[in-house]
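Each remark here refers to the structure printed beneath this line.
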Amino acid sequence: MGLANESSLMDFILLGFSDHPRLEAVFFVFVLFFYLLTLVGNFTIIIISCLDPLLHTPMYFLLSNLSLLDICFTTSLAPQILVNLRGPKTITYGGCVAQLYISLALGSTECILLAVMALDRYVAVCKPLHYVVIMNPWLCQQLASISWLSGLANSLIHATFTLQLPLCGNHRLDHFICEVPALLKLACVDATVNELVLFVVSVLFLVIPPALILISYGFITQAVLRIKSVEARHKAFSTCSSHLTVMIVFYGTIIYMYLQPSESYAQDQGKFISLFYTMVTPTLSPIIYTLRNKDVKEALRKLLSGKL
C-alpha cells in the first residue's frame with residue numbers, strides 16, 4: 001500500500017528546527033526578510049524588462065522567466081515555513097503532496113533555464129553578428145517552454161515515485177518542507193529503486209546542464225579574451241560573470257543535497273542547506289544583475305524617476 005493510501009487522512013508533523021527552539025524566532029525573521037526581498041527584487045526585474053524597450057532582448061526575456069520562476073518557487077514554500085515557525089508544526093497530506101510537486105517542478109525548471117541562459121550568452125559573445133537571427137523571439141519562447149515543460153515532467157515522475165513508498169505510520173518528517181530526501185527517510189521498505197531514480201534524474205538535471213554551461217563559458221572566455229576593446233571586454237565579462245555566479249550558487253547547493261549518498265546525508269546540515277537554496281538563492285538574481293549590469297541600473301533609475 002502506497003504512501004497516498006495510508007496517509008490521505010493524516011497530517012505530517014514537520015520537525016523543522018524544533019530541536020533549536022531558541023533559533024526559531026531568528027529563522028522566522030530570516031525567512032520573512034528574504035521572502036520579501038525575493039518578491040520585490042524579482043518583480044522589479046519583470047517590470048523593468050517589460051517597460052523598458054532597451055531591455056526587450058533575449059537575455060532579459062529569459063531573465064524575466066527566471067524571476068517569475070523564483071517568485072513562484074519561494075511562494076510555494078515560504079508562507080508554510082513562516083506558519084510552522086510561529087504556529088502548528090504540521091502540514092496536511094494534500095498540502096505536502098502539492099508542495100512536493102510544485103517545488104520540484106519549479107526547481108527542475110530552473111536547472112534547465114540556467115543552461116538556456118548560458119546558451120544565450122554563448123551566442124551573444126561568440127556569434128555576435130548572427131545573434132539576432134539565431135536568438136529570435138520564436139526560439140526564445142520555445143526554449144523557455146522546454147524549460148518549464150521539462151521541470152513539470154521531472155516533477156510528475158520523481159514525486160510520483162516518491163509518493164508510492166509506504167510509510168507504515170511514520171509521519172514525523174525531520175524537515176521544514178516536504179522534500180524528496182526527507183520523505184525517502186520515512187519509508188519503511190527498501191528505497192533503493194527510488195534512490196536510483198533520484199540519482200538518474202539528478203544527473204540529468206544537476207550534472208549535464210552545469211557541464212554544458214561550463215563548456216559554453218570556456219568558449220565565451222576564449223572569445224572575450226580576443227576582444228581588443230577594454231570596455232567591451234569588461235562589459236562582456238561583467239554580464240557573463242553575473243550569470244555564472246548565480247549558476248554556481250544554485251547548482252552547488254542543490255548538488256550537495258541530491259547527489260550525496262543517503263547514508264551520508266546529515267539531516268540537520270541538509271536543513272540549513274535547504275533553507276539557503278530555497279530562501280537566499282532566489283534573491284541573488286535581482287541583486288547580482290542589478291548591481292553588475294548598467295542597463296538594468298539605468299532602467300531602474302528611469303523607473304524610480306517616473307520616466308518609464
Side-chain angles (χ1 to χ4, degrees), residues 1-16 69-81 84 90-113 145-168 170-209 250-251 253-260 262 265 267 270-271 273-275 277-278 281-282:
M1 183 163 53
L3 184 155
N5 291 333
E6 59 180 60
S7 307
S8 57
L9 298 178
M10 299 194 63
D11 295 347
F12 283 100
I13 300 172
L14 297 174
L15 300 180
L69 191 63
D70 284 337
I71 290 171
C72 295
F73 178 72
T74 311
T75 300
S76 72
L77 301 171
Q80 175 259 317
I81 295 173
N84 286 351
T90 59
I91 185 172
T92 63
Y93 172 76
C96 185
V97 170
Q99 187 180 83
L100 181 65
Y101 274 106
I102 294 171
S103 62
L104 195 54
L106 296 173
S108 303
T109 299
E110 186 158 349
C111 292
I112 305 300
L113 188 59
S145 298
I146 289 172
S147 300
W148 287 89
L149 291 175
S150 297
L152 177 61
N154 175 48
S155 176
L156 291 175
I157 296 171
H158 201 166
T160 302
F161 261 88
T162 302
L163 293 172
Q164 297 306 308
L165 288 171
L167 301 182
C168 303
N170 298 327
H171 294 277
R172 295 171 63 86
L173 193 63
D174 193 9
H175 214 303
F176 57 88
I177 57 174
C178 290
E179 197 171 44
V180 172
L183 286 169
L184 290 180
K185 287 284 187 180
L186 289 184
C188 59
V189 295
D190 184 13
T192 303
V193 174
N194 295 78
E195 290 175 356
L196 180 61
V197 171
L198 173 61
F199 179 78
V200 172
V201 170
S202 297
V203 169
L204 291 176
F205 283 84
L206 299 178
V207 175
I208 295 178
F250 175 78
Y251 282 112
T253 53
I254 301 291
I255 287 173
Y256 177 86
M257 284 292 299
Y258 282 87
L259 283 183
Q260 63 172 318
S262 59
Y265 181 77
Q267 196 66 44
K271 292 178 196 176
I273 296 293
S274 293
L275 190 64
Y277 82 74
T278 56
T281 303

Between CG on residue Leu14 and NE2 on residue His175, distance to nearest 0.5 Å: 9.5 Å

Donor-acceptor under 3.5 Å (Ser150 side chain, Ile146 main chain): yes

Ile91 side chain reached by Gln80 side chain, heavy atoms, under 4.5 Å: yes

Whether Ser108 side chain and Ala105 backbone form a donor-acceptor pair below 3.5 Å: no

From Thr162 atom OG1 to Ile157 atom CD1, the distance as rounded to the nearest 0.5 Å: 11.5 Å

Minimum heavy-atom distance between Glu110 and Tyr251, given as atom pair plus value: O-OH, 4.5 Å

Straight-line distance of Leu100 CG to Ser155 OG, nearest 0.5 Å: 6.5 Å

Minimum-distance pair of heavy atoms, taken over all atoms of Tyr101 and Leu156: CE2-CA, 3.9 Å

Nearest-0.5 Å distance that lies between atom CG in Leu149 and atom CD1 in Ile112: 11.5 Å

Asp11-Thr90 side chain donor-acceptor pair, cut-off 3.5 Å: no

Minimum heavy-atom distance Pro209-Leu204, with the two atoms named: CD-O, 3.1 Å

Pairwise side-chain contact, Phe12 with Leu186, heavy-atom cut-off 4.5 Å (strictly under): yes

Of Leu275, Ile273, Thr278, the residue whose pairing with Thr253 passes side-chain contact (heavy atoms from CB on, under 4.5 Å): Ile273

Shortest non-hydrogen separation from Cys111 to Leu206 and the atoms involved: SG-CD2, 3.5 Å

Value rounded to 0.5 Å, distance of CD1 in Ile13 from CG in Asn84: 11.5 Å

Atom pair CG/OG1 of Asn154 and Thr109 - distance to nearest 0.5 Å: 8.5 Å

Side-chain touch Trp148/Leu69, heavy atoms, less than 4.5 angstrom: yes

